[in-house]
J.: 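Take this structure, written in structure tokens, and hold onto it; I'll ask about it next.
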Amino acid sequence: MARILITSAIPYINGIKHLGNLVGSQLPADLYARYNRMRGNEVMFICATDEHGTPAELAAAKAGKPVAEYCAEMHEVQSGIARGFRLSFDHFGRSSSARNHALTQHMARKLGENGLIAEVVEKQVFSVADNRFLPDRYIEGTCPNCGYEKARGDQCENCTKQLDPTDLINPRSAVSGSTELEVRETKHLYLRQRTLKDKLGAWIDSKAGWPVLTTSIAKKWLNDGEGLQDRGITRDLAWGVPAQFEGAPWRGMEGKVFYVWFDAPIEYIAGTAEWADANGLDDAAWERWWRTDKGADDVTYVQFMGKDNVPFHTLSFPATIIGSGEPWKLVDYIKSFNYLNYDGGQFSTSQGRGVFMDQALSILPADYWRWWLLSHAPENSDSEFTWENFQASVNKDLADVLGNFVSRITKFCRSKFGEVVPEGGIAGERADALVAELETRVRAYEGHMEAMDVRKAATELRAIWVAGNEYLQAAAPWSVFKEDPAQAAAMVRLGLNLIRLYAVLSEPFIPDAAETMLAALGTKDRTWPGPIAEALAVLPAGHAFQTPDVLFRKIADEEREDWQARFAGVRS
RNA sequence: GGGCCUGUAGCUCAAUGGUCAGAGCAGGGCGCUCAUAACGCCUUGGUUGGGGGUUCGAGUCCCUCCGGGCCUACCA
């Protein structure tokens, strides 16, 4: 039994995520976690909310709440939505947890002791009215290049020129609009990533099987221009992990916190510790996932994320791990995703464009979304959500191919034999051909799931569903029944067992439907199929079942048009 | 500006340099009647973005041009 550690990039606390965020990290991670559990592997699946940073402080202020309270509330909201999508985290933690505070400070101290932290005094823009230092993007002004009046301090959105905040004409705070800005000196801690460049490069080079998207981004950052740069890991904020603490090998950092991209990945580890705490377990329980000196040497660690997160996971976080000098588990495989676009443009959290997770669940159950998103996952390039495509895929794949298959078998059986697996007869040669086909397809499906080829796995799963309809059509038990009821019984018995097999195979994609199918069949047998002939003999003659309701309803044209109109604008 | 990804049927996507470039959906025809007006079978549809090159052989490798997208270190 393999041990698989899975983490999804942790969603930022500020607001509800859209479907593009979901399909880029949490959902495929869940697919992989569910698959491995079904295969009998020991899985630890960790996610969390990323709670620190300027946007959280500002959002809390806007909501008129203390930031801790705001984050606690938003964590509950995101947690509820995650449950709604059936994201099967073993723990959904918080980067603001006591565990993460302690571990982040521990890592920083180790890095300091190993000479990998530099103290740097730099100049930053301070807003007197806001009483805070402003990140570059929170400074607005007129672009010196093109004259655009709402250019940001990091880049002009209009002419795309890279800017420095001091380049802006008539700079003002994007938070308050105040023009009372000063350049002040402030001291920060830098992670000396340059020192680790060769080690990181060798480590990346050893990962030949990683997606091109992952390694190309990593190598660009490693080698472009002057190569990997040292990185500031602290900020002048109140909300976060304090950078000055007992045992810290530096002084004068009071009132400063670690930057989110230092503490957020550490939350993967801290989140596992939170899991142990929540389950009344000791430290050994989580350390066996993360410490190679305490049992984690046989763990396979896989991370899921959108492409924007790749630099932090290929370089910054590994720099922290390696630089600590302690035997923490490094990631074995990074599965990264491109972006999902929405109807001709980008999903946008800041502009409220697209479909957000809570809205999606208010329209249709999780399985509909899970199936579409996963079967269209942006693995090789950006992909696009359109309502027409969504409607067509859901109706055809889920309602017609799978749902109707379940329906036709169970209803035919009920009318001819009653709600019980019928006995007698031999299914015949067509059944043998079906078994042979499924043998090939199921093994291919396993291969795709293990390789995390999400689209290919979905395509194969659909073909497995289709095979059932093909068999049924060719075998035609409704005709056979007239002359040879016993053979028809054998065919139906096979069909009912196919439903169970489909439930098991489909569980990672559509867990609720899988549950409904198994419940209707009156079985709890979720055994992953070995030889297909055996898997299709699990439900014995005489086993009672109940004909289920419609498994997936179809999306009507009017509904689609209604949703299309409703989500055409921006979220209010 | 630099880097990376991408362009294949009306749509969404496949194809270790090697049969005639394949699937699903949509379209057309036929069959079936168990089923959610479903299912199955057959079928139409391509100058693989343009141009050049390497090769016995190029969707695949190289060059170039055109289009789309992302990243570019203080959004997270």
Side-chain angles (χ1 to χ4, degrees), chain A residues 9-14 21 50 52-56 122 124-125 133-139 152-155 160-162 164-165 188 193 211-213 215-217 219-221 223-225 228-232 235 259-261 264 306-312 315-316 338-339 341 346 349-350 375-376 378-384 386 388-389 391-393 395-416 455-456 458-459 462-463 466 468-481 488 491-492 495 547 549-554:
Chain A
I10 65 178
Y12 198 65
I13 191 70
N14 186 2
N21 297 128
D50 176 13
H52 297 139
T54 308
E122 56 192 10
Q124 288 193 355
V125 175
F133 282 96
L134 293 175
D136 290 356
R137 66 180 280 114
Y138 283 103
I139 302 161
R152 294 191 325 221
D154 54 344
Q155 185 180 37
T160 73
K161 186 176 172 59
Q162 304 279 314
D164 193 80
H188 283 298
Q193 299 186 133
V212 178
L213 186 65
T215 49
S216 64
I217 292 173
K219 287 183 176 177
K220 158 84 162 136
W221 279 56
N223 303 318
D224 192 47
L228 186 62
Q229 298 296 298
D230 294 344
R231 189 177 188 101
R235 291 291 182 271
Y259 178 41
V260 279
W261 268 111
K307 57 185 166 185
D308 50 341
N309 273 334
V310 169
F312 302 101
L315 303 168
S316 308
N338 286 285
Y339 288 152
N341 290 322
Q346 282 196 3
T349 302
S350 56
S375 62
H376 294 78
E379 290 178 297
N380 296 319
S381 61
D382 292 354
S383 64
E384 176 153 320
T386 65
E388 287 86 355
N389 191 308
Q391 178 193 24
S393 295
N395 286 355
K396 196 69 195 174
D397 299 348
L398 296 181
D400 293 346
V401 175
L402 177 61
N404 181 57
F405 177 76
V406 172
S407 183
R408 67 194 296 202
I409 295 272
T410 51
K411 287 181 180 170
F412 179 72
C413 184
R414 181 174 61 183
S415 74
K416 303 300 185 207
R455 276 182 188 242
K456 287 182 180 174
T459 300
R462 186 189 191 279
V466 167
N469 280 313
E470 286 172 357
Y471 165 75
L472 214 56
Q473 202 64 34
W478 48 89
S479 300
V480 172
F481 181 79
M491 292 169 173
V492 169
T547 302
D549 291 332
V550 166
L551 208 53
F552 294 100
R553 72 178 187 84
K554 291 205 196 196

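Quick note on labels: first sequence line is chain A, next is B, and so on, each numbered from 1.
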J.: If I take atom CG in residue Leu315(A) and atom P in nucleotide C71(B), what distance separates them, rounded to the nearest angstrom?
T.: 17 Å
J.: Determine the Euclidean distance between corresponding C1' atoms of U48(B) and C39(B); express it in Å to zero decimal places.
T.: 34 Å
J.: How is Val466(A) classified with respect to the nucleic acid when contacts are heavy atoms under 4.0 Å: base, sugar-phosphate, or nothing?
T.: sugar-phosphate
J.: Distance between the P atoms of U6(B) and G17(B), in whole angstroms?
T.: 14 Å
J.: At 4.0 Å (heavy atoms only), tell me whether Glu122(A) reaches a base, stays on the sugar-phosphate, or touches nothing.
T.: base
J.: Categorize Asp308(A) for me: base, sugar-phosphate, or nothing, with a 4.0 angstrom heavy-atom threshold over every strand shown.
T.: base
J.: I'd like the C1' distance from U47(B) over to C4(B), given in whole Å.
T.: 29 Å
J.: Looking at C34(B), I'd like to know if its phosphate oxygens (OP1 or OP2) sit under 4.0 Å from a side-chain N or O belonging to Arg408(A).
T.: no
J.: Report yes if a side-chain nitrogen or oxygen of Tyr259(A) is closer than 4.0 Å to either non-bridging phosphate oxygen (OP1 or OP2) of A76(B); otherwise report no.
T.: yes
J.: Judged by atom type as modelled, is there a donor-acceptor pair below 3.5 Å linking the side chain of Ser393(A) to the main-chain atoms of Asn389(A)?
T.: yes
J.: Could you check which of U36(B), A73(B), A76(B) has an atom nearest any side-chain atom of Asn404(A)?
T.: U36(B)
J.: If you pin Ser383(A) and Lys411(A) to their nearest nucleotides in RNA chain B, which one's is more 5'?
T.: Ser383(A)
J.: Please name the nucleotide paired to C39(B) by Watson-Crick or G-U wobble geometry with both distances under 3.5 Å, or report none.
T.: G31(B)
J.: For the residue pair Met491(A) and Tyr471(A), establish whether any side-chain heavy-atom pair is separated by less than 4.5 Å.
T.: yes
J.: Answer yes or no: is there a side-chain heavy-atom contact under 4.5 Å between Trp261(A) and Ser316(A)?
T.: no
J.: To the nearest angstrom, how far is Tyr471(A) atom OH from C32(B) atom C1'?
T.: 16 Å
J.: Looking across every strand, which nucleic acid part, if any, lies under 4.0 Å from Glu470(A) by heavy atom: base, sugar-phosphate, or nothing?
T.: sugar-phosphate
J.: Taking a pair as Watson-Crick or G-U wobble with both distances under 3.5 Å, which nucleotide is matched to C11(B)?
T.: G24(B)
J.: Side chain of Pro135(A), heavy atoms from C-beta onward: which of C25(B), C74(B), A15(B) has the nearest atom to it?
T.: C74(B)
J.: Give none if U54(B) has no partner; otherwise give the nucleotide forming a Watson-Crick or G-U wobble pair with it, both distances under 3.5 Å.
T.: none
J.: Taking atom P in both U16(B) and G22(B), what distance in whole Å separates the two?
T.: 14 Å
J.: Can you tell me how far P of C39(B) sits from CZ of Phe412(A), to the nearest Å?
T.: 18 Å
J.: Say we look at G7(B) and C34(B): how far apart would their P atoms be, to the nearest angstrom?
T.: 46 Å
J.: Using the rule given for side chain to side chain contact (heavy atoms under 4.5 Å, CB included), can you reason through His188(A) versus Gln124(A), listing the C-alpha separation, both sets of side-chain angles and the distance that settles it, and then say yes or no?
T.: CA-CA 11 Å; His188(A) 283 298; Gln124(A) 288 193 355; 4.0 Å; yes
J.: Is the side chain of Asn338(A) donor-acceptor paired with the backbone N or O of Ser383(A) at a distance under 3.5 Å, no angle test?
T.: no
J.: Which nucleotide, G40(B), A73(B), G3(B), lies nearest any side-chain atom of Gln229(A)?
T.: A73(B)
J.: When the nearest nucleotide of RNA chain B is assigned to Arg462(A) and to Ala476(A) on a heavy-atom basis, which residue is associated with the more 5' position?
T.: Arg462(A)
J.: So do the side chains of Arg414(A) and Thr410(A) get within less than 4.5 Å of each other, counting heavy atoms only?
T.: no
J.: For atom C1', what is the distance between G2(B) and A15(B), given to the nearest Å?
T.: 32 Å
J.: Quote, to the nearest angstrom, the P distance that separates C62(B) from U54(B).
T.: 15 Å
J.: Should Trp221(A) and Val310(A) be marked as a side chain to side chain contact (heavy atoms under 4.5 Å, CB included) after you check the CA-CA gap, both sets of side-chain angles, and the distance that decides it?
T.: CA-CA 10 Å; Trp221(A) 279 56; Val310(A) 169; over 6 Å; no
J.: Distance check needed: C74(B) P versus Trp261(A) CH2, whole Å only.
T.: 13 Å
J.: Is the side chain of Asn395(A) donor-acceptor paired with the backbone N or O of Lys554(A) at a distance under 3.5 Å, no angle test?
T.: no
J.: Name the nucleic acid region contacted by Lys416(A), choosing base, sugar-phosphate or nothing; use a 4.0 angstrom heavy-atom cut-off, strictly under.
T.: nothing
J.: Partner of G59(B) by Watson-Crick or G-U wobble geometry, both contacts under 3.5 Å, or none?
T.: none
J.: Do the side-chain N or O atoms of Arg455(A) get closer than 4.0 angstrom to the phosphate oxygens (OP1, OP2) of C13(B)?
T.: yes
J.: Could you check how far CE of Met491(A) sits from C1' of G40(B), rounded to whole Å?
T.: 15 Å
J.: Asn309(A) CG to C70(B) C1': how many Å, rounded?
T.: 14 Å
J.: With respect to the side chain of Trp478(A), which nucleotide from U36(B), C32(B), A14(B) is positioned closest?
T.: C32(B)
J.: Starting at OH of Tyr138(A) and ending at P of C75(B), how long is that distance when rounded to a whole Å?
T.: 9 Å
J.: Is there a donor-acceptor pair under 3.5 Å between the side chain of Asp50(A) and the backbone N or O of Pro11(A)?
T.: no
J.: At 4.0 Å (heavy atoms only), tell me whether Asn389(A) reaches a base, stays on the sugar-phosphate, or touches nothing.
T.: sugar-phosphate
J.: So, OP1 or OP2 of C74(B): does either fall under 4.0 Å of a side-chain N or O from Arg231(A)?
T.: yes
J.: Ignoring hydrogens and geometry beyond distance, is a side-chain donor-acceptor pair present between Arg408(A) and Gln473(A) at under 3.5 Å?
T.: yes
J.: Counting side-chain heavy atoms from C-beta on, which of C39(B), C75(B), U33(B) comes nearest to Ser479(A)?
T.: U33(B)
J.: Return no unless some side-chain N or O of Lys396(A) is found under 4.0 Å from OP1 or OP2 of U12(B).
T.: no
J.: Contact class for Leu551(A) (heavy atom, under 4.0 Å): base, sugar-phosphate, or nothing?
T.: base
J.: N/O contacts under 3.5 Å, protein versus nucleotides 65-69 of chain B?
T.:
residue, atom, partner, partner atom, Å
G69(B), O2', Asp382(A), OD2, 2.2

J.: Please give, in whole Å, the distance from C25(B) P to Asp397(A) CG?
T.: 8 Å
J.: Between C34(B), U36(B), C74(B), spot the one nearest the side chain of Lys554(A), thanks.
T.: U36(B)
J.: Is G1(B) paired to anything, Watson-Crick or G-U wobble with both distances less than 3.5 Å, and if yes, which nucleotide?
T.: U72(B)
J.: Between Tyr12(A) and Ala56(A), is there a donor-acceptor pair closer than 3.5 Å when you use the side chain of the first and the backbone of the second?
T.: yes
J.: For Pro55(A), which contact category applies under a 4.0 Å heavy-atom criterion: base, sugar-phosphate, or nothing?
T.: sugar-phosphate
J.: Could you check which nucleotide pairs with G17(B) in any of the strands shown, counting Watson-Crick or G-U wobble with both distances under 3.5 Å?
T.: none
J.: In whole angstrom, give me the gap between the P atoms of U60(B) and U43(B).
T.: 29 Å
